Amino acid sequence: MNKVLVSMCIAGAALAMSSCRSVEKATPLSSINGEWNIVEVNGSKVTPGESRTLPFIAFDTATGRVSGCSGCNRMMGNFDVNAKPGSLELGAIGSTRMMCPDMTTERNVLSALAQVKGYKKAGKDKLYLCNASNRPVIALEKKEADVKLLVLNGEWKVKEVNGEAIPSGMEKQPFIAFDVKKKTIHGNAGCNLINGGFETNTSSAKSISFPGVASTMMVCPDMETEGKILKAMNEVKSFDVLAGGGIGLYDANNALVLVLEK
C-alpha cells in the first residue's frame with residue numbers, strides 16, 4: 001500500500017512540474033508584460049511570407065489589454081489581470097478584416113490563441129502559452145523594440161481620420177509636427193492651430209497619447225474635419241509605421257484613427 005502511495009505522489013509531482021499553472025512553478029503576471037514575437041504554433045516554426053514580419057502579441061498587465069498582429073490583421077482583446085499566476089485566458093480576440101495572399105499563419109495563430117488557458121517561462125526572454133491540458137500551443141520570444149520614437153520627429157500631413165480621407169483643396173492642410181526631444185507637438189487641425197505635448201509609456205515602445213492639446217478659437221466655414229481630427233487625437237494610445245511608410249495612430253482598442261504622411 002505504501003509503495004502505491006509513493007508512486008501516486010511521484011506521479012502527482014511530475015504532473016505539477018509540467019503544468020503551465022503549477023503553483024510552485026508559477027510565473028508572475030508581470031513577466032509577460034510587453035511585446036512578444038510568435039515563433040511557433042503547435043510545435044511548427046512560424047515562417048513569415050515575403051516582405052512580412054513575424055506575427056506578435058503584446059500584453060499590458062496594467063490594463064488587461066492584449067494587442068498585436070496575427071500575420072495579416074491587427075488583433076485586440078482582454079485578459080483578467082487578477083487571475084492566478086500562470087493562468088491566462090484571452091477570450092474572444094477581435095481583429096481587422098484585411099485579406100492577404102496567405103492567411104494560413106493567421107488562421108493557425110488565432111485558433112491557437114483561442115485555446116490558451118495558461119503561460120509559463122521557457123527560458124530567458126521566452127514564453128509558452130498553453131492549452132487546458134497544459135500543452136504549449138504557442139511559443140513566444142521577447143520582441144525587441146523595432147520602432148523608435150524618433151521616427152515621429154518632424155512634420156506630418158494628416159491623410160485620414162477614422163478611415164476617411166481628408167478632403168482635398170482645404171484652405172489649411174491639417175498637419176502635426178513632432179519635436180521628440182522636447183515631447184511637444186504643434187500643427188493645424190484644418191482651421192485652428194494646435195499646440196501641446198505627448199506622453200509615452202515605458203511598457204511599450206509604441207505607446208503615445210496627447211493629453212491637453214490646446215487650439216486657437218477661430219471659426220471656419222467647415223469645422224467638421226477639424227472636429228474629427230481633435231476627437232481622434234484625444235483617443236490615441238499608440239503608433240506604428242505603416243507598410244507604405246506613413247504613421248498610423250491607434251486608439252485603446254487598437255483601431256486606426258489617424259493616418260499621417262510626410
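Computed from a predicted structure; not experimentally measured.
With hydrogens and angles ignored, the 3.5 Å screen pairs a side-chain donor or acceptor of Glu106 with a backbone N or O of Asn73. Checking side-chain atoms of Thr216 against main-chain N and O of Asn192 turns up no donor-acceptor pair under 3.5 Å. When atom types are taken as modelled, the side chain of Lys183 and the backbone of Phe198 share no donor-acceptor pair closer than 3.5 angstrom. Between the side chain of Tyr250 and the backbone N or O of Ala255 there is no donor-acceptor pair closer than 3.5 Å. With hydrogens and angles ignored, the 3.5 Å screen pairs no side-chain donor or acceptor of Ser238 with any backbone N or O of Lys206. Checked by atom type and distance alone, the side chain of Asp125 never pairs as donor or acceptor with a backbone atom of Glu141 at under 3.5 Å. Asp251 places a side-chain N or O within donor-acceptor distance of the main-chain N or O of Asn253, the cut-off being under 3.5 Å. Although no hydrogens or angles enter the test, the distance criterion places a donor-acceptor pair under 3.5 Å between the side chain of Glu226 and the main chain of Cys191.
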* Apply side-chain contact (heavy atoms from CB on, under 4.5 Å) to Phe56 and Met75, showing your working. => CA-CA 10 Å; Phe56 73 93; Met75 58 185 182; over 6 Å; no

* Which is it for Lys45 and Glu40 under the salt bridge (charged side-chain N to carboxylate O under 4.0 Å, His left out) test, yes or no, and what are the steps along the way? -> CA-CA 4 Å; Lys45 185 177 179 180; Glu40 287 184 16; over 6 Å; no

* To do: List the steps, then state whether side-chain contact (heavy atoms from CB on, under 4.5 Å) holds for Ile194 with Leu230.
  => CA-CA 9 Å; Ile194 55 174; Leu230 292 176; 3.8 Å; yes

* Stepwise, does the side-chain contact (heavy atoms from CB on, under 4.5 Å) test hold for Arg107 with Thr104? -> CA-CA 5 Å; Arg107 285 192 293 267; Thr104 303; 3.7 Å; yes

* Are Val158 and Leu260 close enough, and set up right, to give a side-chain contact (heavy atoms from CB on, under 4.5 Å), and what steps lead you there? -> CA-CA 5 Å; Val158 181; Leu260 310 179; 3.9 Å; yes

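Two residues are said to be in side-chain contact when any heavy atoms from C-beta on lie closer than 4.5 Å; Leu242 and Lys159 fail this criterion. Using a 4.5 Å heavy-atom threshold, the side chains of Tyr119 and Ile138 count as separate. In this structure, the side chains of Phe59 and Leu140 come closer than 4.5 Å at one or more pairs of heavy atoms. With contacts defined as side-chain heavy-atom distances shorter than 4.5 Å, the pair Phe79/Glu89 does not qualify. Within the 4.5 Å cutoff, no side-chain heavy atoms of Cys69 are placed close to those of Pro55. Here the side chains of Ile229 and Ile166 are in contact, with some heavy-atom distance below 4.5 Å.
A salt bridge does not link Arg65 with Asp60: every distance from a Lys NZ or Arg NE/NH1/NH2 to an Asp or Glu carboxylate oxygen is 4.0 Å or more.
Partner of Ile247 under the side chain to side chain contact (heavy atoms under 4.5 Å, CB included) criterion, out of Ile176, Asp240, Ile208, Val241: Val241 alone.
By the neighbour-count criterion of 12 heavy atoms within 6.0 Å, atom NZ of Lys172 is densely surrounded, having more than that number from other residues, nucleotides or ligands. In Lys157, the NZ atom is not crowded: 12 or fewer heavy atoms of neighbouring residues, nucleotides or ligands sit closer than 6.0 Å.
Leu110 and Leu88 fall within the same hydrophobic cluster, defined by Ile, Leu, Val, Met, Phe, Trp and Tyr side-chain heavy atoms under 4.5 Å apart, directly or through other members. Cluster membership check: Val137 shares its hydrophobic cluster with Ile32, using side-chain heavy-atom separations under 4.5 Å among Ile, Leu, Val, Met, Phe, Trp and Tyr. Residues Val116 and Val46 share a hydrophobic cluster, clusters being chains of Ile/Leu/Val/Met/Phe/Trp/Tyr side chains in contact below 4.5 Å. Clustering ILVMFWY residues whenever any of their side-chain heavy atoms sit less than 4.5 angstrom apart, transitively, puts Phe239 in a cluster other than the one holding Met76. Cluster membership check: Phe175 does not share its hydrophobic cluster with Val259, using side-chain heavy-atom separations under 4.5 Å among Ile, Leu, Val, Met, Phe, Trp and Tyr.
Annotation for Arg135 and Asn42: closest pair NH2-OD1, 3.5 Å, computed over non-hydrogen atoms. Taking each heavy atom of Met98 and Cys72 in turn, the nearest pair found is CE-O, 3.4 Å. Between Thr47 and Thr105, the shortest heavy-atom contact is O-OG1, 4.5 Å.
The OG atom of Ser67 sits 7.0 Å away from atom CD of Glu35, with the distance rounded to the nearest 0.5 Å. Taking OG from Ser209 and CD from Glu235, the interatomic distance works out to 12.5 Å, rounded to the nearest 0.5 Å. Rounding to the nearest 0.5 Å places CG of Leu149 at 14.0 Å from NZ of Lys181.
For the residue pair Ser95/Arg97, the side-chain donor-acceptor check at 3.5 Å is satisfied.
Aromatic ring orientation, Phe178 versus Phe210: tilted (interplanar angle from 30° to 60°).
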